[in-house]
Amino acid sequence: MTTARTAIVIGSGIAGPVTALALHRAGINATVYEAYPATAGGVGGTLALAPNGVAALRTVGADEAVTAIATPIERSAMAVGRRLIDLPTLAGVPPLRVVHRAELHRVLRDRAVAEGVPFEYGKRLVDAEQTTSGVTARFEDGSTATADILVGADGIRSRVRGLIDPAAPGPRFTGLLSFEAVARHEVDVEPGTMTFAFGRRGYYLYWPEPGGGTRWGANLPQQRPMSVVEARAVPTAQWLDTLRTSYGDDDPGRELMATSRADELQVAGSLQIMPPVPNWYRGRMVLVGDSAHAPSNSSGQGASLAIESAVQLARCLRDLPDIQTAFAAYVRLRRARVEKVAARAARINHAKAPGPIARTLMPLLIPLMMRTVMDPEKTVADEQRYVIDWDAPVTTEPALR
């Protein structure tokens, strides 16, 4: 094991609590520091957990609590006009799970607190000073914290990423705005079915919500990026009018928008992704989750990859003799995998706003595509069947395949 015995974890979203839990299991005491003054509450929409993400949660003992609050998606389909085409599924893996971000955060935080992980709120990181014996975090309120390592789990606009490498790239706009709500309209599909729909002016997806109604998410093409603050400055009634106009010619998009309430509309702003980040660590500071790798939501893997990285970082610190060797092994274990997922998701993004000719040809092309580029054994098998062996020792050499 490295000489690291204590850790500062910056960010209490999804990656932060899992990182602290995994470090705790590896024998490292971690404290989580969050910039905001309180827990996430009801903030945030729905996210997906792939089978590999749930498997990684099992390592920190959080899988059962998370699956208990999640909705399993057993079937997926694609709607092209009025035609519904079943999509192939990957055999031998558990279902995708969809869960509200705030509920997932609550469960992970409760699990970490139960394991003795401290959380400090209102601690916005402004700087960090490294020495040969530790790293000191300096917060906006004037307080400090010192530990052996500092982990940046502070998301796509990571402050830690900038401290590690001032020239590091920032997030990039995907050209899409994101919205979510629960409609009163009941779609005529069996529970546990997620449908991907290509409307005349935008892409959307939907599934029956347990308890009634239909949860939907929409990605509207947008020329200019908008931050969450900018997007939420626009009245939700105005956004809903835009969505009703955009999907007014679609079935069931028209009914979904018409039976949704403005006060329940989740406005997420522009969807953003992280380009490859050259440096994931420097000295005693290291990145996990979206701060290092944030693929498009089209991947269905963002949260799952963040959870995996938290677990792998803890394994490397547990097994390798010094911090630099551990961080290097962690990057070796993670970079190729996350960048491959990001590249797949980027290709999907280009298909989210097909033109009229492409929409006309889709019913003819999709059956062929399902046997080739949409075959899950060729596209997502390596992603979803991935399971981290916590008990296997990490070495400085790549594992044989």
Side-chain angles (χ1 to χ4, degrees), residues 46 48-51 71-98 174 176 178-180 182-183 185-210 213-221 243 246-259 271 296-301 341 344-385:
T46 302
L49 283 175
T71 300
I73 301 297
E74 306 278 358
R75 174 187 174 219
S76 58
M78 182 174 290
V80 183
R82 292 181 176 275
R83 185 178 179 188
L84 196 67
I85 303 169
D86 275 319
L87 296 177
T89 57
L90 190 63
V93 298
L96 182 77
R97 309 276 177 168
V98 289
T174 63
L176 298 167
S178 179
F179 305 89
E180 181 183 325
V182 176
H185 176 70
E186 304 275 354
V187 292
D188 187 22
V189 296
E190 63 188 61
T193 300
M194 180 178 286
T195 303
F196 304 91
F198 291 88
R200 290 177 62 84
R201 298 188 186 181
Y203 164 88
Y204 62 107
L205 75 166
Y206 56 89
W207 64 91
E209 179 78 345
T214 303
R215 185 172 291 275
W216 57 266
N219 292 162
L220 278 182
L243 290 163
S246 299
Y247 295 101
D249 296 331
D250 301 322
D251 179 18
R254 176 178 57 255
E255 290 77 15
L256 294 177
M257 306 304 155
T259 61
L271 293 175
S296 161
N297 68 334
S298 303
S299 70
Q301 283 283 353
V341 172
R344 177 181 66 80
R347 292 192 294 271
I348 296 173
N349 269 354
H350 292 306
K352 279 191 170 181
I357 295 175
R359 284 198 304 272
T360 302
L361 293 175
M362 270 189 175
L364 301 174
L365 293 175
I366 286 176
L368 173 62
M369 293 170 65
M370 286 195 295
R371 295 193 297 270
T372 55
V373 296
M374 294 175 67
D375 180 351
E377 288 291 344
K378 297 176 181 178
T379 56
V380 298
D382 288 345
E383 294 176 15
Q384 296 192 13
R385 292 193 177 122

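Y247 places no side-chain N or O within 3.5 Å of a backbone atom of R200 that could act as its donor or acceptor partner. For the pair T174 (side chain) and L271 (backbone), a donor-acceptor distance under 3.5 Å is present. Proximity of a side-chain donor or acceptor of Q301 to a complementary backbone N or O of V341 within less than 3.5 Å is not detected.
Put simply, OH on Y204 and CE on M257 are 7.0 Å apart, with the number rounded to the nearest 0.5 Å. Here CG of L220 is found 8.5 Å from CG of L176. Values are rounded to the nearest 0.5 Å.
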Below 3.5 Å, can you tabulate the donor-acceptor pairs from side chains in residues 191-198 to any protein atom, sequence neighbours excluded?
unit_1	atom_1	unit_2	atom_2	d
T193	OG1	R75	NH1	3.4
T193	OG1	E190	O	2.9

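Checked against side chain to side chain donor-acceptor pair (under 3.5 Å), E209 has the following partners two or more places apart in sequence or in another chain: R215. Partners of R97 by salt bridge (Lys or Arg N to Asp or Glu O under 4.0 Å), not counting sequence neighbours: none found. When the salt bridge (Lys or Arg N to Asp or Glu O under 4.0 Å) test is applied to E383, the partners found at least two apart in sequence or on another chain are R344. Checked against side chain to side chain contact (heavy atoms under 4.5 Å, CB included), T259 has the following partners two or more places apart in sequence or in another chain: A183, R184, H185. Residues that satisfy the side chain to side chain donor-acceptor pair (under 3.5 Å) test with R385, not counting sequence neighbours, are E377. Under the side chain to side chain contact (heavy atoms under 4.5 Å, CB included) criterion, E186 pairs with no residue, sequence neighbours left out. Remark: W207 pairs with no residue by the side chain to side chain donor-acceptor pair (under 3.5 Å) rule, at least two apart or across chains.
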